[in-house]
Chemist: 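Before we start, here is the structure in question, set down as structure tokens.
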2 protein chains.
Amino acid sequence: MKPDTRSALMEAAFGLVRRQGLAATSVDQICAAACVSKGAFFHHFKSKDELAAATAYHWSAVTEPFFEAAPYHTPDDPLERVLGYIDLRREMMAGEIAEFTCVAGTMVQEAWATSPAVRCAAWDSMSRHADALVADIEAAKAARGVELDARGLALHMVAVVQGAFILAKASGDPGIGAESAAHLRRYVEQLFAPAPDLRSAKPGD
Amino acid sequence: MKPDTRSALMEAAFGLVRRQGLAATSVDQICAAACVSKGAFFHHFKSKDELAAATAYHWSAVTEPFFEAAPYHTPDDPLERVLGYIDLRREMMAGEIAEFTCVAGTMVQEAWATSPAVRCAAWDSMSRHADALVADIEAAKAARGVELDARGLALHMVAVVQGAFILAKASGDPGIGAESAAHLRRYVEQLFAPAPDLRSAKPGD
DNA sequence: GACGACATACCGACTGGTTGGTATGTTCGC
DNA sequence: GCGAACATACCAACCAGTCGGTATGTCGTC
């Protein structure tokens, strides 16, 4: 047995999907990129759809350790950790667009209605990512006496990042995505800033 | 000649692309939805790619009058107009997801690297949309003595909306997208709020 | 240890349907 | 009559998936 054919296929899909989307990525292309035959592909995955959903879960499995190991966790101040995450996101929006954009976000944009498995897997990926931010947001809230929905803010952060990727793709300029991340940082700073008129209940309410 | 076959094809593409993405939308499907033959399709468009790019431009042509006619333009206060735009966006994120999401954003997510024509058209659509917000942002800046890059903020607003669509698609819940729009409103309120320590030059600087 | 049964992993040719597009024919409007 | 608009038949390439096969590993029995 070759070392982990299944992972090789999914990781081959990362690159292809980020560059051309899910539907335009064929099974043959994935097999070629992973140096695996089509028979082996269908041994491991019942269908292309199953590969796609598994790839979104695998995306989380690969990126989670990266974010967990990132230096933004080091400050004692939880708000600095939240802002550090945003800064990391901003710094990542540089160079090759296909290298910093999100596999799950890309796939769900096309397949949300036609593949429940992909939608579910992508949502799992995104909500897990948001969940990983919630503890620091909660701690920052407690430290500063701020009232807000931590998970709502975390999901908003995910949305901004996903939207920034689309802007970077459309403009061909990673800087435009990074600019949106800078706005997000500014927003979070303001949310937790020690000014009395900024401590309202919930955004929009 | 039937009334505007060309537009019928592009508008048929709106629905199909929003529901299943660009690559998964076939020329046959577009023709069937527009009740047009394939021969007529290829009379009007040299290729599927040309149809796609034209569809992104057409998306702007159709949505711009809608936004121009929207009631958020009525307040005298330019900030209220900006916030009104955001509120409109938030209100639109309700009901059927395929009915409120963006054709240009969906297409560019897949095709940004493989179709320069689609990327260019989608970017045109998005930047025009942002440009339409710039005058009000500039006026709000002038009225409140706030220093910021108006176009940068407008593009950020576009990014948030696009990201909110992805979150709505992934979660299956328009409310999660609307929540992100509420955060955006809160951010813009804060940017223009009359507090001295909030009047810095540029987000992140 | 040898053997057979079974499981797993992998292979590449093949299948039937679909695809974007082409070629040719017909109708319509001027 | 002519060109634009449209229709239908056809095409080669492509697609996800199937199939019969090989190779290897594991386990139980003798």
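So you know, we letter chains A, B, ... as the sequences are listed, proteins then strands, and number each from 1.
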Chemist: Sort and list the pairs that fulfil ring pair (Phe, Tyr, Trp, His ring centres under 6.0 Å) and have at least one residue in residues 5-38 of chain A, not counting sequence neighbours.
Modeler: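 Those involving residues 5-38 of chain A are A:F14-A:H58, A:F14-A:W59.
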Chemist: Produce the list of close N/O pairs, under 3.5 Å, pairing protein atoms with atoms of nucleotides 20-24 of chain C; give distances to one decimal.
Modeler:
| from | atom 1 | to | atom 2 | distance (Å) |
| --- | --- | --- | --- | --- |
| C:dG20 | OP1 | B:K48 | NZ | 3.1 |
| C:dG20 | OP2 | B:V27 | N | 2.9 |
| C:dG20 | N7 | B:K38 | NZ | 2.7 |
| C:dG21 | OP2 | B:K48 | N | 2.6 |
| C:dG21 | O6 | B:K38 | NZ | 3.4 |

Chemist: Holding to side-chain contact (heavy atoms from CB on, under 4.5 Å), I want the full list of residues that pass it with A:A32, two or more places apart in sequence or in another chain.
Modeler: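 A:A32 satisfies side-chain contact (heavy atoms from CB on, under 4.5 Å) with no residue once adjacent residues are dropped.
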Chemist: Whole-Å distance between D:dA4 C1' and B:R6 CZ?
Modeler: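 Rounded to whole Å, this separation is 14 Å.
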Chemist: Just to confirm, is there a sub-4.0 Å distance from OP1 or OP2 of C:dA9 to any side-chain nitrogen or oxygen of A:H43?
Modeler: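 So the side chain of A:H43 is within the cut-off, an N or O lying under 4.0 Å from OP1 or OP2 of C:dA9.
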Chemist: Between B:Y85 and B:F67, what is the ring plane arrangement, given parallel below 30°, perpendicular above 60°, and tilted in between?
Modeler: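 Answer is tilted, since the angle falls between 30° and 60°.
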Chemist: Which residue pairs pass the ring pair (Phe, Tyr, Trp, His ring centres under 6.0 Å) test when at least one of the two sits in residues 87-112 of chain B, sequence neighbours left out?
Modeler: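 Listed by first then second residue: B:F100-B:F165.
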Chemist: Under 4.0 Å: is that the gap between some side-chain N or O of B:T5 and OP1 or OP2 of D:dC6?
Modeler: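 Indeed, a polar side-chain atom of B:T5 lies that close.
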Chemist: Please tabulate, for side-chain N and O atoms in residues 117-126 of chain B, each donor-acceptor pair with protein atoms closer than 3.5 Å (sequence neighbours left out).
Modeler:
| from | atom 1 | to | atom 2 | distance (Å) |
| --- | --- | --- | --- | --- |
| B:R119 | NH1 | A:A170 | O | 2.6 |
| B:R119 | NH1 | A:S171 | O | 3.4 |
| B:S125 | OG | B:S60 | OG | 3.0 |

Chemist: Does C:dT8 have OP1 or OP2 sitting under 4.0 Å from an N or O in the side chain of A:H44?
Modeler: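 False: A:H44 side-chain N/O out of range (4.0 Å or more) of C:dT8 OP1/OP2.
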Chemist: What's the CG-P distance between A:D4 and C:dT8, to the nearest Å?
Modeler: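 Atom-to-atom, A:D4 to C:dT8, this comes out as 16 Å.
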Chemist: Using atom CD of B:Q20 as one end and atom P of C:dT18 as the other, report the distance to the nearest whole Å.
Modeler: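 The distance from CD of B:Q20 to P of C:dT18 comes to 14 Å, rounded to the nearest Å.
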Chemist: Any salt bridge (Lys or Arg N to Asp or Glu O under 4.0 Å) pairs touching residues 69-79 of chain B, not counting sequence neighbours?
Modeler: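 Residue pairs with at least one partner in residues 69-79 of chain B: B:D77-B:R144.
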